[in-house]
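One is the number of the first residue; the rest follow in order along the sequence. We use all heavy atoms of the structure for the numbers below, so side chains are in, but hydrogens, waters and symmetry mates are not. These numbers were taken from a predicted model, which means no experiment stands behind them.
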Amino acid sequence: MRVGSGVAEQSVIVEKVEDTDKEKKKKRRSNRRSKHNLACNSVNEARGESSDSLKSEDKPKSLTSSKGEAFKALFHVNAHNRLEAYCKIDGVPTDILINGVSLQNRAVEGDIVVIKVDPLGLWTKMKGSNGSSNNSAQVEDFNLVQEVDGLADNSYKGKGKVDADCEYADCGSGVLLGKAYYDEKQVTSTATYNHVNGHHQSSSDSLYMGLLPGQNEGINSVDWLTVMTSQFPLKRPTGKVVAIVEKSLRRNAIVGFLNVKQWFSNRELGRKDAKKSSAKFDHEYVTLTPTDPRFPKMIVFVRDLPDCIKKRLEDGDITIEMELLAAQIEDWTAESPFPRARVSHSFGRGGELEPQINAILYQNAIHSADFPPQVLSCLPDIPWEIPPEEYQTRKDLRDLCVFTIDPSTAYDLDDALSVEKLSNDIFRVGVHIADVSYFVLPNTAVDIEAQIRSTSVYLLQRKIQMLPSLLSEKLGSLNPGVDRLAFSMFWELNGTGDVLDRWIGRTVIRSCCNLSYKHAQDIIQGIIDVERFNTLEYPQLHGQFKWTDVTRSVKFLHEISKTLKERRFSDGAIQLETSKVVFVFDEDGVPYDSRLNERMDSNFLVEEFMLLANMTAAEVISRAFPDSALLRRHPEPNMRKLKEFEAFCRKHGLALDASSSGQFRQSLEKIQEKLKDDSVLFDILISYASKPMQLATYFCSGELKDNLNDWGHYGLAVPLYTHFTSPLRRYPDIVVHRTLTAVIEAEELYLKQIGLLKGDKEDEVSRCFTGIYFDKEAAVSPQGKEALAIAAWKHGIPSSELLVDVAAYCNERKLASIHAEDACEKLYMWVLVKKKEILLSDARVLGLGPRFMSVYIQKLAIERRIYYDEVEGLNVEWLESTSTLVLNLSGQNRLFKRGGLGNYMALGNVAWVVNPYDLSVETGDHDATCMVNGGVTFPDLEAISKSFVDPGTFPLTVRLLSTIPVALYAIGGDDGPLEIGVRLYMCSYLK
């Protein structure tokens with residue numbers, strides 16, 4: 001998926017046809033097709049494909065004889081309604097609605113498409129802009145799961161290192177195409193990916209690009225579309241897909257269930273005519289329902305099934321419907337309402353943990369196989385000791401009190417801290433990062449494998465490492481009591497957080513202990529006794545240091561971190577953070593409970609110094625290598641969504657100023673104080689506040705050298721940022737380490753040259769490239785350029801062109817890891833609810849309308865919908881003027897919908913209604929049997945009677961932000977996609 005790749009994509013221009021002579025138009029089109037076929041042949045030959053792979057019937061439909069605005073955009077499907085898709089165009093605050101299967105033109109989630117935007121008169125009303133639509137549609141896009149890169153959530157995933165990077169997944173890419181007549185045949189090309197060099201072919205490389213000249217013709221159309229959406233905020237722009245220029249990689253990673261009951265029925269009928277049945281076999285098919293609701297149902301020819309699955313099907317094994325299957329979309333012709341897929345293998349039963357986890361890895365292309373021998377052969381044998389020459393060339397810090405602070409479950413320790421008091425208000429703080437680049441040399445097998453994986457993935461009970469455990473947990477990990485190679489940064493800081501001086505270099509350290517966050521928190525709060533450190537509750541202390549040295553250092557670092565944090569916030573930084581759901585596991589790794597957890601001061605202590613190190617690294621490498629520094633940017637929020645959030649707050653009497661990140665943070669702090677007695681509502685607001693935030697991405701400095709304003713990090717309110725502090729689990733950090741090493745060596749080489757030329761001693765010359773003051777004249781001098789070029793070549797610093805691809809691929813892998821980790825959390829949440837059979841909770845109403853309500857369940861930090869229109873035995877009264885909903889039981893029996901087909905929903909699908917008498921019965925006298933409520937099976941009332949959640953009563957009056965009781969239960973597993981269902985929890989004597 002190309003979400004937020006950070007790559008500046010070339011415009012895709014559809015040629016404007018001005019000629020009125022039809023013969024000339026026809027000839028021109030013929031020439032273009034000929035050129036395209038030639039290009040297809042050459043590219044396909046390089047791929048080992050025939051030129052027939054792009055058949056005419058495979059090409060999406062196009063527009064004819066119609067003018068319009070065409071844009072390239074990322075295609076996203078509404079998970080609640082697959083008929084609705086949205087395309088994001090860069091520079092346009094409102095997404096373009098693509099409504100209906102025909103207008104979507106066979107595009108699927110994640111495709112990069114060409115869309116034609118309809119004229120203004122055809123635009124539809126924005127959801128929520130009139131009384132006929134459900135008001136909750138206004139907030140349907142507010143996904144309450146915040147996708148953050150390290151802020152608060154990594155500490156619950158095993159590693160726990162904060163990246164301190166406000167990062168949210170709400171992004172896309174769109175480039176103007178310009179005014180056009182559309183040719184009858186459009187081109188669909190397939191994205192390619194090179195696993196060796198980590199290059200994912202950008203959309204600018206697709207076959208379609210070479211056919212579409214005239215890049216600058218329609219530049220003003222983006223401005224026009226922006227103006228129109230601003231002038232008509234209640235209208236939603238609409239459009240249609242006219243071409244697919246890059247197929248989503250998700251097409252090759254479909255997970256779903258086969259539906260074989262109909263096939264069995266047809267086979268029984270066919271047995272009466274064996275000859276006819278045999279002739280039809282090659283054309284028989286079964287349907288596959290993807291677990292991802294954004295993808296359509298698919299047809300799978302029986303003849304194409306793997307032999308093992310085909311045999312089970314022929315043997316009448318109905319249990320095949322219970323298994324998760326891996327599939328790939330092979331074709332989607334214009335004549336077919338469904339794509340054709342091919343099944344490759346089975347993961348296993350859908351109701352079991354391991355098959356579900358393997359399916360998650362498959363969907364997100366996570367490499368989880370063991371490291372091959374050629375990768376392991378790149379690492380030294382153990383026992384291993386640091387070579388003597390490294391002690392000579394590095395600064396020896398083994399006599400410095402250095403220690404790590406990590407989650408208690410962490411084994412890959414890639415950062416350590418130290419602090420020395422120089423005077424009354426001046427401290428020297430050190431951050432020491434594992435020197436992974438010493439072991440991972442450019443273009444070696446272990447480097448290529450690290451590129452492919454790009455990041456470690458934490459799945460609660462399972463960790464998929466970017467690097468072999470021999471390196472990430474032993475040779476490279478900063479384990480206590482052993483000498484380790486490190487990359488160190490020192491800052492001399494005064495009482496107000498000013499950096500007076502700094503030093504950056506490669507070192508040798510020996511950590512004296514490994515503290516957990518809980519240990520560090522106990523020290524900060526002063527609730528521990530130093531003598532207790534000798535017990536088993538606390539880690540072993542190594543070397544000549546005493547626990548008083550460690551506790552004093554932790555307290556110093558805590559006070560300094562508070563100063564740095566206050567200074568950061570005063571400069572405009574923002575932090576959106578809510579309580580996180582943490583699962584409690586049994587000895588078999590199955591969750592049996594959950595709790596909400598918040599970060600501690602010790603988490604923030606580590607975060608501040610990691611931030612400082614990352615910002616320092618970004619400053620140094622971007623100044624020395626302005627065209628080839630790997631940096632990280634966080635764009636400003638989506639203004640339309642930010643205004644919607646402001647309106648939401650204003651509607652509920654909460655003042656919000658989002659004119660800058662600093663004002664935004666201050667407003668949220670005031671709201672938090674105002675809502676100090678309603679933490680649930682504040683958590684909801686923070687989740688809403690995260691929605692306008694865009695995704696932080698890696699980028700190459702040379703790619704945006706003419707747009708320095710785009711380099712900044714909105715969440716941190718800093719002009720330069722990168723990742724340096726986690727090289728054991730992030731490949732970009734290794735690239736940054738190599739770049740920093742090159743800067744340091746170039747500085748040393750340059751100073752030696754200057755010393756020889758001027759006769760000065762090297763130590764009398766200030767640090768010109770890594771110090772606080774950068775000597776630009778030195779960098780651009782012939783000697784400086786030569787030194788930087790030699791060091792860059794020696795350490796394999798990628799060229800600007802290659803670094804663009806590295807950044808794009810790392811962005812893609814980072815997003816995939818977020819999706820996998822989120823999916824795994826949802827899986828364990830499902831397992832927890834399944835184990836409990838039913839989970840009662842209070843919920844807050846976020847959206848409300850005549851058809852459904854959206855509710856937020858804080859216990860699991862999830863948002864769900866409850867549909868109540870056309871329910872048997874339920875009377876719905878919607879008061880538009882006051883936005884009030886009244887639900888009451890009805891005595892009328894309505895079995896069929898008025899004026900249409902289909903039955904009414906059973907009441908049990910909306911509410912679990914219990915008799916008040918049952919709730920008063922002593923649990924010891926109640927039979928431990930299951931009860932059926934409206935067709936939905938629930939457990940007995942024993943656990944319910946012990947619950948602290950009281951049921952609601954009819955009539956139920958609901959308003960926005962009301963608190964209502966709900967019952968949660970697990971859906972799917974062996975019989976479909978995993979989901980957590982929600983019903984109203986009600987009681988009535990009429991039950």
Side-chain angles (χ1 to χ4, degrees), residues 161-165 395 397 399-405 415-433 478 486-507 509 511-512 515 520 523-524 545 548-573 575 600-623 662 713 716-725 736 740 743-744 766-774:
K161 272 304 159 197
V162 290
D163 303 330
D165 211 348
K395 179 173 286 191
L397 302 178
D399 291 331
L400 183 64
C401 182
V402 176
F403 51 89
T404 58
I405 303 177
D415 59 83
L417 295 168
S418 66
V419 62
E420 302 166 90
K421 188 173 183 178
L422 303 182
S423 63
N424 287 337
D425 66 341
I426 297 179
F427 291 86
R428 180 187 291 123
V429 175
V431 167
H432 314 276
I433 307 300
L478 304 182
F487 218 127
S488 300
M489 290 185 179
F490 287 98
W491 303 269
E492 292 184 10
L493 301 167
N494 62 16
T496 58
D498 295 315
V499 178
L500 306 179
D501 197 8
R502 73 180 179 212
W503 181 89
I504 305 172
R506 301 177 100 173
T507 59
I509 68 169
S511 171
C512 66
L515 298 175
I523 294 173
I524 291 171
F545 302 103
T548 52
D549 300 319
V550 176
T551 56
R552 182 171 58 249
S553 295
V554 171
K555 291 178 180 179
F556 282 158
L557 290 170
H558 174 56
E559 293 302 319
I560 298 169
S561 69
K562 289 196 299 182
T563 301
L564 293 176
K565 185 176 181 180
E566 291 171 2
R567 180 166 181 153
R568 221 169 29 85
F569 283 167
S570 66
D571 290 339
Q575 186 163 289
M600 302 176 289
D601 289 340
S602 56
N603 297 95
F604 295 113
L605 180 159
V606 176
E607 174 179 285
E608 286 306 316
F609 297 113
M610 299 304 109
L611 275 173
L612 184 57
N614 287 334
M615 290 186 287
T616 301
E619 178 187 329
V620 172
I621 65 174
S622 63
R623 293 188 309 189
H713 196 292
L716 299 175
V718 294
L720 294 169
Y721 193 70
T722 192
H723 277 165
F724 161 76
T725 55
V736 171
L740 265 179
V743 176
I744 293 170
S766 63
R767 294 182 297 277
C768 54
F769 296 160
T770 63
I772 295 179
Y773 304 104
F774 179 69

Asks: For D571, check side chain to side chain contact (heavy atoms under 4.5 Å, CB included) against everything at least two apart and list the hits.
Replies: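 Scan of D571 (side chain to side chain contact (heavy atoms under 4.5 Å, CB included), adjacent residues dropped) gives R567.
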Asks: F769 vs F774 aromatic rings, parallel, tilted or perpendicular, using cut-offs 30° and 60°?
Replies: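 Ring orientation, 0 to 90° scale: tilted.
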Asks: Does the side chain of T770 reach to within under 4.5 Å of the side chain of I744, using non-hydrogen atoms?
Replies: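 When only atoms from C-beta onward are counted, I744 and T770 do touch, with a gap below 4.5 Å.
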Asks: What distance separates R568 CZ from L612 CG, expressed to the nearest 0.5 Å?
Replies: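 Atom-to-atom, R568:CZ and L612:CG are 10.5 Å apart.
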Asks: On the 0 to 90° scale, with breaks at 30° and 60°, tag the F724-F487 ring pair as parallel, tilted or perpendicular.
Replies: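 Geometry flag for F487 against F724: perpendicular rings.
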Asks: Suppose we screen for side chain to side chain contact (heavy atoms under 4.5 Å, CB included). Which residues come up paired with S553, at least two apart in sequence or across chains?
Replies: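 Side chain to side chain contact (heavy atoms under 4.5 Å, CB included) list for S553, sorted by chain: C401, F403, V419.
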Asks: Mind checking side-chain hydrogen bond (donor to acceptor under 3.5 Å, both in side chains) for S488 and listing every partner two or more places apart, or none if nothing turns up?
Replies: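 In terms of side-chain hydrogen bond (donor to acceptor under 3.5 Å, both in side chains), with neighbours along the sequence ignored, S488 is linked to H432, T507.
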Asks: Please identify each residue that fulfils side-chain hydrogen bond (donor to acceptor under 3.5 Å, both in side chains) with T496, with sequence neighbours left out.
Replies: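 Checked T496 against side-chain hydrogen bond (donor to acceptor under 3.5 Å, both in side chains); matches are N494, D498.
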Asks: Test your reading of the model: is there a side-chain donor-acceptor pair from N614 to the backbone of M610, 3.5 Å cut-off?
Replies: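 Yes; at least one donor-acceptor contact below 3.5 Å.
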Asks: With sequence neighbours left out, what residues match E566 under side-chain hydrogen bond (donor to acceptor under 3.5 Å, both in side chains)?
Replies: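 Counting only residues at least two positions away or on another chain, E566 forms no side-chain hydrogen bond (donor to acceptor under 3.5 Å, both in side chains).
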Asks: By side chain to side chain contact (heavy atoms under 4.5 Å, CB included), which residues pair with K562, not counting sequence neighbours?
Replies: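 Side chain to side chain contact (heavy atoms under 4.5 Å, CB included) list for K562, sorted by chain: H558, E559.
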Asks: Are the charged groups of E608 and K565 less than 4.0 angstrom apart, N to O?
Replies: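 Not counted as a salt bridge, because no side-chain N and carboxylate O are separated by less than 4.0 Å.
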Asks: Is there a donor-acceptor pair closer than 3.5 Å between any side-chain N or O of R767 and the backbone N or O of R502?
Replies: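 It does hold such a pair.
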